[in-house]
Amino acid sequence: MRSLPAKALERLSAELGAPLERPASSEHGDFATNAALQLAPQRKRPPREIAEELVQKAESLELVERAEIAGPGFVNLWLGSAWYLDALREILDAGASYGGGFADPAERVQVEMVSANPTGPITVASARNGAYGDSVARVLAHAGHTVEREYYYNDAGAQMEKFRASVEAVARGEEPPEDGYRGAYVAELAATGGDPVPRMLEQIEASLERFRIHFDSWALQSELAERLPELLPRLDTYEKDGAVWAKSSEYGDDDDRVIIRSPEQGGTPTYRAADIVYLVDKLERGFDRAIYVLGADHHGTRQWYAAVARMLGYDPERVEVLLYQLVHLVSGGQQTKISKRRGDVVFLDDFEDEIGVDAARWYLVNRGPDQAIDIDVDLAAEKTQKNPVYYVQYAHARIAGILRNAPSVPETFEVPAELAPEEKELIKRLVEFPGVVEEAVERRGPQALPNYAIRVADDFHRFYHEHRVLESEAQDFRLALVRATQIVIALNLELVGVEAPERM
RNA sequence: GGCCCCGUAGCUCAGUGGAUAGAGCAACGGACUUCGAAUCCGUGUGCGGAGGUUCGAUCCCUCCCGGGGCCA
């Protein structure tokens, strides 16, 4: 059962002594509980008997209008106006902090994301990483955690050498190496001369800022790798064939891993060596929790990081690896393999030019991380008109319009004795928000937020269509309701990284 | 061969133990002298298959079929 921890509901639930959920159909009450069904086996009593007791308890409560048993032992509740008033006041009082601040204990959390090597502009594939990771970060922050975002990259490895060589070759008027990088951006970098890497990084940062992802810090693999020698004694290692191996299989990984290559291979540390140093660095910097956001092709590294944490005596719970499935590009019904080296990728900037930042971010977090995404390049622009993000934004803009025309949102207001169905539905919807946020935090999956936002907009539009706000008898109450709706929509959009416009 | 993810409406997807499984898109038909029609209302014989656990399974477990991915 989905928890619904809005305080107005929590109080009611506590008074009743049973968890409440919102039934699928309003015929089953404003809220319902299946507690009797769940308690029946352990109490060895018929569920309807327990349900009968709950009904009597419920009917003795002030906020409950009536209660009844249904089906095998559900208890359905109908609430009076006073409860709706409480709920509305709670949202207005909380304002921008509504549905948040529940983290206990509040932690210092690092979310490391994107982390693409600067061999080219940010692609749509990395954009999913960013959209997902940043939304998780936003949700964690709303919950009350202190969150920092970090970008990790390698400026020294073989790929980087190939990238530099490609730019240099083009600068000399030659073809890039066989397996080098090509594409318009390589030519542009070649034209200006100098080390292309810092300029590539600047461009990446600009793309991501435009995508509304701000990085607090940037970590360099080459700098971290230098600190390996001081850490080596703490590791459980052995030598084989001249290479140094981490005995990671003893700590939960599938295999042991080479961390320093054999002399014949150059005797250099592998990227896994840098992984180790980086992990220690994160935890020693004071983060209670280090979250890695990685594409599903890295699923093997989940066990690796946990093994490293154990080997070094850290609680592996402090290290989380969030995986998301990859983005496929479809063009003319054909799936294309993307390759940055071939230069046939879709860059984030181009994607944004086509469909806009709002639609792009919405689209990329809308689907759960476990779902592979197909992006039809040809239809990307057309998707703009069809994207529900505009439906939700329109509701927000419409509310802003009403509030512009209103004298002011009243400090105090009375609730009508009899609420209209649309008013009740809307308030009940708004009360769900804290539960949606909490679930997003627990699952490390913000995909429910866009879907919930559509429901809110839906309920609002229906309410709007049926009832006047201004110059109605219940104007004060309805202004409060509309303002509360705006708070929830704005918060919801912000957690996804989408703007809440005053006008459209 | 081992591991990870996914099979839900024509299409893209929500739904991680509850009652009659939902939305967007697409299609058709209605609603603007009124706070924004980028809106609202109506129209839908779908959970890949077989077992199991449970009062109750799209959801949990096992096996099979199909798609994607990683490692070897």
Side-chain angles (χ1 to χ4, degrees), chain A residues 1-2 19 21-29 32-42 45-48 69-76 253-255 257 294-304 321 323-328 330 333 335 337 362-363 366-376 379 382-407 422 436 439 442-443 445 447-455 457-472 475 478-479 482 501-504:
Chain A
M1 186 189 328
R2 169 180 288 182
E21 64 175 350
R22 201 164 159 208
S25 160
S26 57
E27 288 169 32
H28 297 133
T33 180
N34 61 7
L37 287 161
Q38 297 196 319
L39 289 172
Q42 37 176 300
R45 294 175 53 199
R48 286 187 68 100
I69 303 179
F74 292 102
V75 175
N76 300 335
D253 201 358
D254 294 333
D255 279 304
R257 312 289 179 181
L294 298 171
D297 50 336
H298 290 87
H299 76 86
T301 62
R302 198 176 245 174
Q303 284 166 312
W304 161 246
V321 176
L323 299 176
Y324 60 92
Q325 294 294 318
L326 301 181
V327 177
H328 301 115
V330 181
Q335 237 183 53
K337 265 279 182 193
W362 178 280
Y363 187 65
N366 187 21
R367 281 145 176 93
D370 290 337
Q371 195 74 235
I373 296 181
D374 282 340
I375 292 181
D376 191 320
L379 288 179
E382 199 193 329
K383 278 216 159 68
T384 296
Q385 303 306 320
K386 299 170 183 170
N387 200 310
V389 68
Y390 300 106
Y391 177 77
V392 176
Q393 288 183 315
Y394 181 66
H396 186 272
R398 208 177 211 186
I399 290 169
I402 295 170
L403 296 178
R404 268 196 301 276
N405 294 332
E422 295 81 11
V436 175
E439 188 190 308
E442 274 169 15
R443 291 172 62 174
Q447 67 270 22
L449 287 165
N451 293 298
Y452 169 73
I454 293 172
R455 297 284 76 77
D458 236 357
D459 286 330
F460 167 71
H461 285 308
R462 257 196 289 274
F463 156 78
Y464 174 87
H465 209 262
E466 280 306 312
H467 307 283
R468 276 201 69 85
V469 175
L470 302 175
E471 291 155 29
S472 67
Q475 172 173 313
R478 287 183 182 156
L479 277 173
V482 158
E502 297 283 312
R503 297 169 201 271
M504 291 178 75

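Lettering follows sequence order; numbering is per chain, from 1. For the numbers below, each heavy atom of this structure counts, side chains included, while hydrogens, waters and symmetry mates do not.
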Look only at the side chain of A:Arg48 and the backbone of A:Pro72, and say whether a donor-acceptor pair between them is shorter than 3.5 Å. no
Using modelled atom types only, decide if a donor and an acceptor are shared between the side chain of A:Gln475 and the backbone of A:Glu471 within a distance under 3.5 Å. yes
Under 4.0 angstrom between [X] side-chain N/O and [N] OP1 or OP2:
{"X": "A:Gln371", "N": "B:A14", "value": "yes"}
{"X": "A:Asn405", "N": "B:G36", "value": "yes"}
{"X": "A:Arg398", "N": "B:C35", "value": "no"}

For A:Phe74 and B:A19, do the ring centres fall under 5.5 Å apart while the planes stay under 30° apart? yes
From A:His299 NE2 over to A:Gln303 CD, what is the distance, rounded to the nearest 0.5 angstrom? 8.5 Å
Do A:Asp253 and A:Arg257 sit within salt-bridge range, that is, some charged N less than 4.0 Å from a carboxylate O? yes
Whole Å only: how far is the CZ atom of A:Arg503 from the C1' atom of B:A38? 16 Å
Give the rounded distance in Å between these two atoms: CG of A:Leu403 and C1' of B:C35. 10 Å
Hits for side-chain contact (heavy atoms from CB on, under 4.5 Å) against A:Glu466, two or more places apart or cross-chain, chain-then-number order -> A:Glu422
Under-3.5 Å donor-acceptor pair between A:Asp297 side chain and B:G69 base: no
Check whether the side chain of A:Asp255 and the base of B:A72 form a donor-acceptor pair under 3.5 Å. no
I'd like the P distance from B:U58 over to B:G22, given in whole Å. 13 Å
Pair assignment for RNA chain B - dot-bracket with | for other-strand partners, Watson-Crick or G-U under 3.5 Å: (((((((..((((....[...)))).(((((.......)))))....(((((..]....)))))))))))).
How about CZ on A:Arg503, more than 12 heavy atoms from neighbouring residues, nucleotides or ligands closer than 6.0 Å, or not? no
